Amino acid sequence: MKIKLDYMYVFMALAALGCESLPSVGPDYKEFELNVSEAALPDAGFPTTNLTATFEYKAALSNADDRVVITNDNLSKWWKGFNDPVLESLVDGAVSNNISFLMAQRRLERANWELLGSYAAFLPQFSVGGGWHRYWNKEKTRSGRNQYNVRNATLDGDWEIDIFGGNRRQAEASFAAAEAAGWTVADAWVELTTKIGREYINLRTAQELISVARTNLLLQSETYDILKSRLESGIGDELAVNQCAYIVEQTRARLPELLVAEEKYKNAIAILAGEYPGSLNELLEPFDSRRDWLIQPQKVSELKLDMIRSRPDVKAAERELAAQVARIGVAKADWFPKFYISGSVGFENKKKSRLFQRESFIASLGPAVSWPIFQGGAIHANIKATEARAKELALNYELVIQSAYSEVRDAYAAYTQEYHRYQALRGAVKAATDAVSISNDLYKNGLKDFNNVLDAQRSRLQLEEQLAVSRGQITLSLIDLYKALGGGLAVESDK
């Protein structure tokens, strides 16, 4: 059986081949122009021992500022800069085993499959069908029968000619959504690595505080034993003994809450590393020797808008906006007719003879059109809702950039200012240590009462704890700065 093609069929075939070059309904996405002021970064500078007119530590002059400039190279592997094999193993394990990060990867996998599925709209759709039907007529046939059977088996196909670009816009939206999912995975990587770093430094800070408390407890207990021995010998001061006793108990009471904090940090690190709480306790035990977490001071030379734009979370927000703009075209395409080429080949037989024979062969091919002319305003409402969502995501994109700038400035201010606080606390700890020694000597010589010794010991403990916290806070703020700068995944352009 021959299939006759008329001019309409030829026209539809040419339309199918050329629709890719046709303009698509809906707006084309364009990157937003943002007016960002080039405000100077809040750099407090690295403190010197010199003082300003207001008696604050003066920052080093620019020609004497030898801080390391943060670059994308040292950002991408920032945790290796601490030269700590435990931290490195934790980060490596977290990237492989963290459940939240694995979930983000699965979301990316889903988005990629949805993208692949969107391209199916450009290809012909085929289905196989068949059936058996029994028909009854009021009038009898020549054979005297008023019923007969019809059997058929067909291959049916439809091919939508994407004249107005609804399918193309859907593919654009799916592609942008897949890119957004990819950047979300990258952002999850940055979030995970920096969170591991933060919890690890919190743990080491808690362990340092435990060490400080135990050292002071030992010294205070030794003082208490001396005072009690003197009292029992008849030459001591009962008030001094009791005063020393409550200082000892006060310090001892500090240890349980610090040990609870240590356990919480260990459990948090285990979960981030994809392990069960308690399984990494041996790895996370305190170091045998004291470790100073301060690495060489660092600084940011300048902050460019394109570097902020390429932060993973910013890129994800921008790609989500691009996907939504494409969906406006998908919604508007419902206003226009859809053109198809429909065809069918197969066999149909009303007789009892075999179905698959030449006389039973049937075929059809022809154009089809579908055009919704009344939907109760649903199409218009859907377009307006899609446009409103795009406007919302545009505002969200700008808000994400504003927040990114704020995070950089907050972290940089905290990092550089904490050095000034740390330097002041170091001086305070030294003075408090000297005060403890002097007050002890004065008390032994009967020149001062024991209150001076108590005040000096209490002040030294508080200042040593603050110094340990400040040391950890400098590193925490530096990690926050690494994260705010994109964690090594934000790349500056050459423009």
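The shown structure was predicted, so the numbers you read here are calculated from the model rather than taken from an experiment.
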TODO: Could you go through the side-chain contact (heavy atoms from CB on, under 4.5 Å) check for Arg421 and Leu425 one step at a time?
DONE: CA-CA 6 Å; Arg421 180 170 181 267; Leu425 287 170; 3.9 Å; yes
Open item on the list: salt bridge (charged side-chain N to carboxylate O under 4.0 Å, His left out), that's the test. Do Glu263 and Lys266 meet it? Break it down for me.
Closed with: CA-CA 5 Å; Glu263 179 64 23; Lys266 286 181 178 179; 5.2 Å; no
Task: Side chain proximity check, Lys391 to Leu395, heavy atoms < 4.5 angstrom - done: no
- [ ] Flag the pair Arg471 / Leu294 as yes when at least one side-chain heavy-atom distance between them is below 4.5 Å, and no otherwise.
- [x] yes
Can you list, pair by pair, the side-chain donor-acceptor contacts under 3.5 Å of residues 272-280, counting residues two or more places apart and other chains?
residue: Ser279; atom: OG; partner: Tyr276; partner atom: O; Å: 2.6

- [ ] Give a yes or no on whether the backbone of Leu399 and the side-chain of Ser403 come within a donor-acceptor separation of less than 3.5 Å.
- [x] yes
Open item on the list: Can you tell me if Lys430 has over 12 outside heavy atoms packed within less than 6.0 Å of its NZ?
Closed with: no
- [ ] Begin with the C-alpha distance, continue with both residues' side-chain angles, and end with the deciding distance and a verdict on side-chain contact (heavy atoms from CB on, under 4.5 Å) for Phe339 and Phe164.
- [x] CA-CA 10 Å; Phe339 296 94; Phe164 298 100; 4.1 Å; yes
Open item on the list: Any non-hydrogen side-chain atom of Lys80 less than 4.5 Å from a side-chain atom of Glu88?
Closed with: yes
Open item on the list: Could you walk me through whether Tyr405 and Ile401 satisfy the side-chain contact (heavy atoms from CB on, under 4.5 Å) test, starting with their C-alpha distance in whole Å, then the side-chain angles of each, then the deciding distance to 0.1 Å, before giving a yes or no?
Closed with: CA-CA 6 Å; Tyr405 263 92; Ile401 291 182; 4.1 Å; yes
- [ ] Report the C-alpha distance between Arg254 and Glu465 in whole Å, list the side-chain angles of each, state the deciding distance to 0.1 Å, and finish with yes or no for side-chain contact (heavy atoms from CB on, under 4.5 Å).
- [x] CA-CA 11 Å; Arg254 176 84 171 115; Glu465 287 186 342; 3.0 Å; yes
- [ ] For the pair Arg169 (side chain) and Val325 (backbone), establish whether a donor and an acceptor sit closer than 3.5 Å, ignoring hydrogens and angles.
- [x] no
Open item on the list: Restricting to non-hydrogen atoms, name the atom on Pro47 and the atom on Tyr57 that form the minimum distance, rounded to 0.1 Å.
Closed with: CB-CB, 4.1 Å
Task: Flag side-chain contact, heavy atom, 4.5 Å: Val86 against Leu90 - done: yes
- [ ] Rounded to the nearest 0.5 Å, what's the gap from OH on Tyr200 to CD1 on Ile479? Could you check?
- [x] 11.0 Å
Open item on the list: Quick one, Ser89 and Leu283 - any side-chain contact, counting heavy atoms below 4.5 Å?
Closed with: yes
Open item on the list: Once rounded to the nearest 0.5 Å, what's the spacing between atom CD of Gln473 and atom OG1 of Thr205?
Closed with: 8.5 Å
Open item on the list: The criterion is side-chain hydrogen bond (donor to acceptor under 3.5 Å, both in side chains); which residues satisfy it with Asp187, sequence neighbours excluded?
Closed with: none
Open item on the list: Could you check whether atom NZ of Lys264 has more than 12 heavy atoms from other residues, nucleotides or ligands sitting under 6.0 Å from it?
Closed with: no
Open item on the list: Please find the pair of heavy atoms, one from Ala173 and one from Ala326, that lie closest to each other, and give the distance.
Closed with: N-CB, 3.6 Å
Task: Qualifying salt bridge (charged side-chain N to carboxylate O under 4.0 Å, His left out) pairs with a residue from residues 404-416, counting only residues at least two apart or across chains - done: Arg311-Glu407
TODO: Please round to the nearest 0.5 Å and tell me the distance separating atom CG of Leu209 and atom CD of Glu257.
DONE: 10.0 Å
Open item on the list: Just so I know, are the side chains of Phe336 and Ile163 near enough to count as touching, which here means a heavy-atom distance under 4.5 Å?
Closed with: no
- [ ] Evaluate the criterion side chain to side chain donor-acceptor pair (under 3.5 Å) for residue pair Asp43 and Tyr412; output intermediate values, then yes/no.
- [x] CA-CA 7 Å; Asp43 187 355; Tyr412 200 42; 3.0 Å; yes
Task: Phe175 atom CZ, over 12 foreign heavy atoms within 6.0 Å - done: no
Open item on the list: Between Thr386 and Gln324, do the side chains contain a donor N or O and an acceptor N or O under 3.5 Å apart?
Closed with: no
- [ ] Return the minimal non-hydrogen interatomic distance between Ala390 and Ile328, and the atom names on each side.
- [x] CB-CD1, 3.9 Å
Task: Between CD on residue Gln423 and OG1 on residue Thr48, distance to nearest 0.5 Å - done: 7.5 Å
Open item on the list: Which residue is it: Val69, Thr71, Leu481, Ile70? I am looking for the one with a side chain to side chain contact (heavy atoms under 4.5 Å, CB included) to Gln298.
Closed with: Ile70
Open item on the list: Rounded at 0.5 Å granularity, tell me how far OG1 in Thr416 sits from CG in Leu478.
Closed with: 11.0 Å
Open item on the list: Tell me the closest heavy-atom pair linking Thr194 and Glu191, and the distance in Å.
Closed with: OG1-O, 3.2 Å
- [ ] For residues Thr193 and Tyr482, determine if any side-chain heavy atom of one lies less than 4.5 Å from a side-chain heavy atom of the other.
- [x] no
Open item on the list: Minimum heavy-atom separation for Gly166 and Val330, please, with both atom names.
Closed with: O-CG2, 3.7 Å
TODO: Applying ring pair (Phe, Tyr, Trp, His ring centres under 6.0 Å), name anything that partners Trp79, two or more places apart in sequence or on another chain.
DONE: Trp189
- [ ] Among residues two or more places apart or on two chains, list those pairs meeting salt bridge (charged side-chain N to carboxylate O under 4.0 Å, His left out) that have a residue in residues 315-327.
- [x] Glu179-Arg319
Open item on the list: Could you check whether any side-chain heavy atom of Pro367 comes within less than 4.5 Å of a side-chain heavy atom of Tyr340, counting everything from C-beta outward?
Closed with: no
- [ ] Mind checking the CZ-OG spacing from Arg198 to Ser477? Nearest 0.5 Å is all I need.
- [x] 7.5 Å
- [ ] Could you tell me which non-hydrogen atom of Ala104 sits nearest to which non-hydrogen atom of Val185, and how far apart they are?
- [x] O-CG2, 3.2 Å
Open item on the list: Tell me every residue that passes ring pair (Phe, Tyr, Trp, His ring centres under 6.0 Å) with Tyr419, counting only those two or more places apart in sequence or in another chain.
Closed with: Phe46, Tyr415
Task: Side-chain donor or acceptor of Gln207 paired with backbone N/O of Leu284 under 3.5 Å - done: yes
TODO: Evaluate whether atom NZ of Lys299 has more than 12 neighbouring non-hydrogen atoms of other residues, nucleotides or ligands under 6.0 angstrom away.
DONE: yes
